[in-house]
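So you know, we letter chains A, B, ... as the sequences are listed, proteins then strands, and number each from 1. What's counted below: heavy atoms across the whole structure, side chains too, no hydrogens, waters or symmetry copies.
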Amino acid sequence: MVRFTKATTAWLLLTPMMTIIIGVVGYPLIKTVYYSFTAAHLASPATTDRWVGFKNYIKALGNSKFLDSIENTAYFVSVSVSAEIIIGVLVALLLNQAFKGRTLLRALLILPLALPTVVNAMMWRLIYGPDFGALNALLTQVGLLAEYQSWLGDPDLALWMVAIADIWKNFPLVALITLAALQTISKDLIEAATLDGANTWQRFWTVVFPAIVAPVSVALVLRTIEAFKVFDIIYVMTRGGPANSTKTVSFHVYQEAFAYMRIGSGASYALIVVLISALLIATYLWLIKKQGNTT
Amino acid sequence: MTALSLKNINKSFGDIRVIQNINLDIKPGEFVVFVGPSGCGKSTLLRMIAGLEDISSGEFWIGDRRADQLPASERDIAMVFQSYALYPHMTLAENIGFPLRLAKLPKDQINNKVQEIASILQLEHLLDRKPGQISGGQRQRVAIGRSLARDPKVILLDEPLSNLDAALRLEMRIELAKLHKQLEATMIYVTHDQVEAMTLADRIVILNNGEIAQIGSPLELYQTPINTFVAEFIGSPKMNLFPASVNEKKSQKKSIQIIGSNDEFAVDTNQHPPQELQTGNQIQVGIRPEHLVPSDTGKIKGTVTSTEQLGSDTYIYFDSDTIKQAVARINGVASIRPGENICFAVAHEHYHLFTSKGNRIKPTVL
């Protein structure tokens, strides 16, 4: 019988998964890097090998539409992620209290997370509907709105409305992470602070907040990475409109590569997005490491 | 003048009464220990004093101020928790100074107080560390230090030594006793460990099923337990309870005979012949393990079932005709083997008499 060393066995067991990863991640990535230096166009295969050097990157960084999409994305990320963090932490604090129906509410919290993004986007599109949307009906009936409005058709409002749909779907993730952190706080600590003379606000800042700040930071970075890549909710709700007001970087890459079929420059845009994502991921890893060191 | 006063204190959770009619006065500077088995209500009572649990009925006074409606933060009471409850993100100095920071004292004053406490508790060299970087005993000292910071009227300690190993527990017990003498602070200490209670307390409050079973100094409780619960709870190993019968004797005296032995002794019933000592009644005779002395002429007989050698002492477990697993404590090493027959003699002044229901019978054993 053949006997393998521990290292050989490990490599043997890893090989199938590594082959798959190299096939589905490594090869397309290398191919994308290659295309980003060419003038490849989907409609003319002859262009695939036309080498253009850094021209695509220089063009991308000088393209005002691409820079606008980065600005839109930054705007979307800061609005949706900060709202998700604030709402998520508040909801977690509420669900950490003892009251009747708490278990049911905790279970309901999973629902938005479990909903596919496309379904969530469709649902909110119906809610925002300019003709028969529930939001218009509600606001006109309570007297806050004089007439029905096209929420997604207004360039000043559209990105906000998409952000609300995204917040509704994703705040439960922050709430769940925070709730888990809150449950690790010993009741004795809260009681000790009470006896030391701390009021509710002081107890939050001195005992609760330091205990949840690390997990909430992780949630913040995770949500930032996800929100930065936002695509599907935009695709279903607005397709980047009106007047490019909801066009994010991912959507810009999609349009460049698949709508305009400019694979070469699309690849360069995509790699710039990957670079920005990598910075966010590095922040995430740094936070995880920092959290590991403090516990 | 009392430091604390509890008057007819009751506590119920729904229909369950967990604390019943507690009446207790604690003097300033006194070290009182609440002791009792798990679930007897001692921690609940402590938390009620702290203000962490509501009082269902009764009055609670701190000095001459009624306090049962006061919030915990206004009672001027500090507490040391079993888990230490140190703030993990703060240094030891910040932990000790935290109550002073909340009281908005000037920084200099806080620093001076922290240094003073650290010097009493020998923590000066650790003040910049965080709780996760120090040992269990040191954490315990920090928790005590934090409780001292505000010079509270009363310090409550909820099983503060139970997370420590045996050697450290002994060390901390001695340190606590020293600290109490040094500070002369009023302390209420909760434990289920009767050795801690006996060694630390000025007075012990024994709780059973939410009621006070007996209050007294450690020796009072050891020498004159009010019932079999207290008799068995105080003392290690616990008191042996032998069934006995009351017999008639000449000159209107009664005699007690331990059933299954020919050990018979007279009791003085001339003054107030108690109801419990009617001829023919069944009672219980309590004998502490250390008062059973092996003797060939001893009248309490049994068969050894097992022995435990502790070096300084030997515990001999034996079955007599009437009780199983009685225990005797012999000084030094005893070479007795399981299966051997053994006789014990007992000096009659060491007998404790209890009714069949477990209440102490007063008359003097002659």
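Between A/S277 and A/K229 the shortest heavy-atom distance is OG-CG, 4.3 Å.
Between B/R65 and B/D76 there is no salt bridge, since no side-chain N of the basic residue sits under 4.0 Å from a carboxylate O of the acidic one. Salt bridge annotation for A/D68-A/K247: absent, with no cationic side-chain nitrogen under 4.0 angstrom from a carboxylate oxygen. B/K11 has a carboxylate O that lies under 4.0 Å from a charged side-chain N of B/E53, or vice versa, which qualifies the two as a salt bridge.
Ring pair A/F204/A/F209 is tilted by interplanar angle, where 30° to 60° counts as tilted.
Heavy-atom distances place no part of A/A211 under 4.5 Å from chain B, backbone and side chain included. The contact between B/L86 and chain A is made entirely by backbone atoms, counting heavy-atom distances below 4.5 Å. Only the side chain of A/Q202 has a heavy atom closer than 4.5 Å to any heavy atom of chain B. Neither the backbone nor the side chain of B/P71 comes within contact range of chain A, judged by heavy atoms closer than 4.5 Å. Residue B/A103: no heavy atom, backbone or side chain, is found under 4.5 Å from chain A. Proximity to chain A (any heavy atom under 4.5 Å) is restricted, for B/R47, to the side chain, taken from C-beta onward.
B/R146 forms a cation-pi arrangement with B/Y87, by the criterion of a distance under 6.0 Å to the ring centre and an angle within 45° of the ring axis.
The candidate from A/N199, A/T194, A/L189, A/I190 with the greatest count of non-hydrogen atom pairs under 4.5 Å with chain B is A/L189.
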